[in-house]
Participant: 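Please find one structure pasted underneath; my questions will follow.
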Amino acid sequence: TPETEFNELMEEYYSRIDYAALEFRGIGKKNGLSTDRGKIYIKHGKPDKIERSSDMRGYVIETWIYKKMNQKFVFIDKQGTGNFILIEG
């Protein structure tokens, strides 16, 4: 809101950074900012829906769905350490 000193957009941005740093770090990572899930979260915010499954090899697959953008992002954790890599999106 231009009439106020408080910047709501910046608050949302820094809130996303704080959340990503803590929640998407995985094992052996200092923070989640440089992870694929962290980057997507910072850019697009919380997904409307998250689906988790595993494939034939036992890898964990996580799909983030953003309905308004008609977009989905698919991540895979091949080592079971919480370090998800973006494979589609």
Side-chain angles (χ1 to χ4, degrees):
T1 309
E3 296 83 30
T4 66
E5 289 184 32
F6 182 72
N7 188 326
E8 296 88 356
L9 186 58
M10 288 304 288
E11 179 191 30
E12 174 65 21
Y13 175 72
Y14 286 116
S15 174
R16 290 179 187 183
I17 287 176
D18 290 342
Y19 185 84
L22 294 174
E23 296 298 322
F24 303 123
R25 60 184 169 193
I27 295 174
K29 299 268 187 183
K30 291 183 180 179
N31 68 54
L33 299 177
S34 62
T35 66
D36 289 345
R37 291 189 306 165
K39 291 174 186 176
I40 297 298
Y41 187 87
I42 291 167
K43 184 172 182 178
H44 300 291
K46 182 179 178 183
D48 296 308
K49 186 176 181 181
I50 297 175
E51 298 174 347
R52 260 198 177 198
S53 61
S54 59
D55 65 9
M56 299 296 252
R57 297 168 291 208
Y59 299 153
V60 178
I61 308 290
E62 191 169 281
T63 304
W64 290 11
I65 300 166
Y66 292 88
K67 294 177 183 175
K68 291 179 184 176
M69 299 180 346
N70 195 27
Q71 177 77 43
K72 73 176 183 176
F73 297 93
V74 181
F75 306 90
I76 188 167
D77 179 3
K78 291 184 177 181
Q79 299 169 348
T81 59
N83 298 317
F84 286 83
I85 306 298
L86 181 67
I87 59 171
E88 180 185 330

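The basis for the numbers below is simple: all heavy atoms, side chains too, and nothing from hydrogens, waters or symmetry mates.
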Participant: Tell me, please, which residues at least two apart from T81 pass side chain to side chain contact (heavy atoms under 4.5 Å, CB included).
Facilitator: I27, D77, Q79, N83
Participant: How long is the gap from CD1 on I61 to NZ on K78, to the nearest 0.5 Å?
Facilitator: 9.0 Å
Participant: Per the side-chain contact (heavy atoms from CB on, under 4.5 Å) rule, which among I42, D18, N7 passes with Y13?
Facilitator: I42
Participant: Could I get the full list of salt bridge (charged side-chain N to carboxylate O under 4.0 Å, His left out) partners for R25, not counting sequence neighbours?
Facilitator: none
Participant: How many angstroms lie between atom CD of E8 and atom CD of E12, to the nearest 0.5 angstrom?
Facilitator: 11.0 Å
Participant: May I have all residue pairs that pass side-chain hydrogen bond (donor to acceptor under 3.5 Å, both in side chains) and include part of residues 46-61, sequence neighbours excluded?
Facilitator: K49-E51, R52-E62, D55-R57
Participant: State which residues pass salt bridge (charged side-chain N to carboxylate O under 4.0 Å, His left out) with E23; sequence neighbours excluded, sorted by chain then number.
Facilitator: none
Participant: Other than L86, which residues form its hydrophobic cluster under the rule that side-chain heavy atoms must be closer than 4.5 Å?
Facilitator: Y19, F24, I40, Y41, I50, V60, W64, Y66, M69, F73, F75, F84
Participant: Through direct or indirect side-chain contacts below 4.5 angstrom among Ile, Leu, Val, Met, Phe, Trp and Tyr, which residues connect to I65?
Facilitator: none
